[in-house]
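One-based numbering, in listed order, for ligands and for the atoms of each. Quick caveat: nothing in here was measured; it's all calculated off a predicted structure. Throughout, numbering of the chain's residues begins at 1 and tracks the sequence.
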Amino acid sequence: MRVGFIGLGNMGAPMAANLVKAGHRVAGFDVTGQMPAGVTPADSAAAAARGADVVITMLPNGAILRAVAAEVIPAMRRGAVFCDCSTVDVDSARAVADQAEAAGLSALDAPVSGGVGGAAAGTLTFMVGGPDAAFARVLPLFDIMGQKAVHCGGAGAGQAAKICNNMILGATMIVTCEAFALADKLGLDRARMFDVVSTSSGYSWSMNAYCPAPGVGPQSPADNGYRPGFAAELMLKDLRLSQQAAESVDADTPLGALAAELYRRFVEEEDGRGRDFSAMLPRFEGRGRG
Ligand code: NAD
């Protein structure tokens, strides 16, 4: 396939490199000019998109996605698929899909989980919203860049799945960390706490697969001085998107709102920026109730 790839940062560069390795022709554009080996550099986003069967974007936010889509969609050939893999707000995903459809194209919102490691290893999970035919068209590319692609529904459904998942993850990580800090103060050994909770009804991905306590459970960023992993500021971004979405549809999400506020404080007022999101545990360790 001919692929246009726009946004070749931490995630986009290894994703594009995997498509090249699998034999696809990839033209790339990034405002910084960075280009992974094997990707043909284009002068502009529109130039990367011209003649492509699929255009993939991997950009920082919804405002940038909207600007790039406005430039790229008119340059794409009819029948091509615009596939955004960034994490953005549901409204931007739907607006871009409408614009693509009006131009005789189809669009997918296909945010990912799995992080930079998953992008490099080709083991991302794609959560995809958009028409069946477009999903089927892009599936061979998802299969190269990832290990699983779930077709979640119509336009915006991929972003909806992503922010709901990450709202659960953020809140669960916080409560796992506060429970460890409480257990410490109650004199409960962390390894015993892990043994019990990881096989009891308190188990979760945060506890079992990504344990925030160093030296306990499987290897995780906690064992590496809380170097990310998944940085606290990226969790804050996703929690803000979930709150924005909740407001737009009048959904009551009190724990999601509190998780967003705690990560905001952690990133903006405490020492959370640049640390893994599980570094909430040392945050709670050092605090009392006041
Ligand atoms: P990044 O900042 O490393 O990459 C974004 C790239 O987009 C940059 O290289 C930037 O120069 C480029 N860019 C910005 N404006 C542009 C424009 N107008 N035209 C062309 N290129 C432009 O970010 P990232 O970590 O690669 O994340 C990308 C997206 O993936 C984000 O939406 C993020 O939320 C999501 N995501 C990231 C992770 C992660 O662990 N890093 C995990 C899951 C999802």
Side-chain angles (χ1 to χ4, degrees), residues 4-18 26-36 39 41-49 52 55-73 75 82-93 96 108-128 142 145-149 158-167 169-170 173 210 220-221 226-242 244-245 263 267 273-278:
F5 209 116
I6 300 160
L8 296 157
N10 292 323
M11 297 290 290
M15 290 164 71
N18 283 335
V26 183
F29 176 75
D30 190 292
V31 283
T32 63
Q34 59 204 342
M35 205 57 54
V39 174
D43 292 341
S44 64
V55 172
I56 298 176
T57 49
M58 197 52 172
L59 298 162
N61 59 49
I64 293 175
L65 168 66
R66 286 178 192 242
V68 168
E71 181 193 337
V72 157
I73 287 173
F82 183 94
C83 176
D84 177 48
C85 294
S86 330
T87 303
V88 302
D89 56 290
V90 176
D91 290 346
S92 292
V96 166
L108 297 173
D109 51 290
V112 303
S113 75
V116 177
T123 56
L124 295 169
T125 294
F126 290 86
M127 298 150 245
V128 189
F142 293 146
M145 297 183 288
Q147 62 184 352
K148 187 173 167 119
Q159 297 296 348
K162 166 90 185 174
I163 57 175
C164 287
N165 180 73
N166 280 19
M167 188 171 82
L169 175 62
M173 180 55 81
Y210 204 92
S220 70
Y226 296 100
R227 294 229 328 270
F230 185 43
E233 56 269 30
L234 289 177
M235 174 49 83
L236 175 61
K237 173 191 171 178
D238 293 356
L239 288 169
R240 281 181 165 150
L241 289 174
S242 70
Q244 192 182 331
Y263 274 105
V267 168
R273 187 175 295 280
R275 305 184 81 192
D276 189 73
F277 83 119
S278 62

Exercise. Considering residues at least two apart in sequence or located in another chain, which fulfil the salt bridge (Lys or Arg N to Asp or Glu O under 4.0 Å) criterion with Arg273?
Worked result: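 So Arg273 forms no salt bridge (Lys or Arg N to Asp or Glu O under 4.0 Å) with any residue.
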
For this session: Can you run down the side chain to side chain donor-acceptor pair (under 3.5 Å) pairs that involve residues 59-71, sequence neighbours left out, and say none if there aren't any?
Result: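 Sorted pair list: Arg66-Ser92.
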
Return all side-chain donor-acceptor pairs below 3.5 angstrom for residues 109-125, not counting sequence neighbours, or 'none' if the list is empty.
from	atom 1	to	atom 2	distance (Å)
Asp109	OD1	Gly156	N	2.7
Asp109	OD2	Gly158	N	2.9
Asp109	OD2	Gln159	N	3.0

Exercise. What is the distance from atom CD of Glu233 to atom CG of Asp238, rounded to the nearest 0.5 Å?
Worked result: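 Output value for this atom pair is 11.5 Å.
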
Exercise. Can you tell me how far OG of Ser220 sits from CZ of Phe230, rounded to the nearest 0.5 angstrom?
Worked result: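 Output value for this atom pair is 15.0 Å.
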
Exercise. Using a 4.0 angstrom limit on heavy atoms, which residues are close to ligand 1?
Worked result: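 Within the 4.0 Å shell of ligand 1, which is judged on heavy atoms, sit Ile6, Gly7, Leu8, Gly9, Asn10, Met11, Phe29, Asp30, Val31, Thr32, Gln34, Met58, Leu59, Pro60, Ile64, Val68, Ser86, Thr87, Val112, Gly115, Val116, Lys162, Leu234, Lys237.
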
Exercise. Got a donor-acceptor contact below 3.5 angstrom from the Tyr263 side chain to the Phe277 backbone?
Worked result: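 Checked: pair present.
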
